[in-house]
Amino acid sequence: MNKKLKTDAVSHLFDAILKLQSPEECYNFFEDLCTVNELLSLSQRFEVASMLRDHKTYLEIAEKTGASTATISRVNRSLNYGTDGYELIFERLDEDHKQG
């Protein structure tokens with residue numbers, strides 16, 4: 001974990017996020033917390049990560065998401081050399097789909 005990221009304020013934010021119990025609560029909290037553009041950027045990165053995981057090309061991803069090649073490259077770097085945060089979530093989502 002990036003030591004610059006692990007602050008009391010970030011920990012407090014993550015504790016708050018972990019208290020959310022429904023998609024509606026997430027929408028309400030994140031709409032208050034983030035600007036529309038910030039939230040759209042976060043969701044775009046997650047969509048890019050999902051498409052990269054599905055072996056889509058940069059061109060396909062850029063066309064579908066509107067992400068720049070720089071953003072796609074940054075997300076790809078996180079997928080390949082990051083802390084496996086994306087992979088953890090994708091595995092849990094896959095489990096939910098198998099159970100549902």
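Because only heavy atoms are used, hydrogens play no part in the values below, and waters and symmetry mates are left out as well, while side chains stay in. All figures in this text were calculated on a predicted structure; none of them were measured in a lab.
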Determine whether more than 12 heavy atoms belonging to other residues, nucleotides or ligands lie under 6.0 Å from atom [atom1] of [X].
X	atom1	result
D8	CG	no
E31	CD	no
F29	CZ	yes

Taking a hydrophobic cluster as the set of Ile, Leu, Val, Met, Phe, Trp and Tyr residues connected by side-chain heavy atoms closer than 4.5 Å, whether directly or through intermediates, do [X] and [Y] fall within one such cluster?
X	Y	value
I89	L52	yes
I17	L5	yes
L20	F14	yes

Does [X] reach the main-chain N or O of [Y] with its side chain, forming a donor-acceptor pair under 3.5 Å?
X	Y	answer
E87	L79	no
T71	A67	no
E60	T57	yes
S73	T69	no
T65	I61	yes
E38	T35	yes

> L33 pairs by side chain to side chain contact (heavy atoms under 4.5 Å, CB included) with which of N28, L39, L13?
Replying inline: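 So, applying the side chain to side chain contact (heavy atoms under 4.5 Å, CB included) to L33 and each of N28, L39, L13, only L13 qualifies.
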> Would you say the side chain of R45 lies within less than 4.5 Å of the side chain of Y86, judging by non-hydrogen atoms?
Replying inline: yes
>> Rounded to the nearest 0.5 Å, what separates atom OH in Y58 from atom OG in S68?
In response: 10.5 Å
>> I'd like to know if E47 pairs up with K64 as an ion pair, taking the criterion as any Lys NZ or Arg NE/NH1/NH2 lying under 4.0 Å from an Asp or Glu carboxylate oxygen.
In response: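 Judged by the 4.0 Å cut-off on N to carboxylate O distance, E47 and K64 do form a salt bridge.
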>> Testing the basics here: between A62 and I72, what is the closest heavy-atom pair and its distance to 0.1 Å?
In response: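 So the minimum-distance heavy-atom pair works out to N-CD1, 3.8 Å.
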> Which heavy atom of Q21 sits nearest a heavy atom of E25, and at what distance?
Replying inline: N-OE1, 2.6 Å
> Please walk me through it: do V75 and F46 pass side chain to side chain contact (heavy atoms under 4.5 Å, CB included)?
Replying inline: CA-CA 8 Å; V75 172; F46 189 67; over 6 Å; no
>> For the residue pair N76 / N80, report whether a side-chain donor-acceptor contact shorter than 3.5 Å exists.
In response: yes
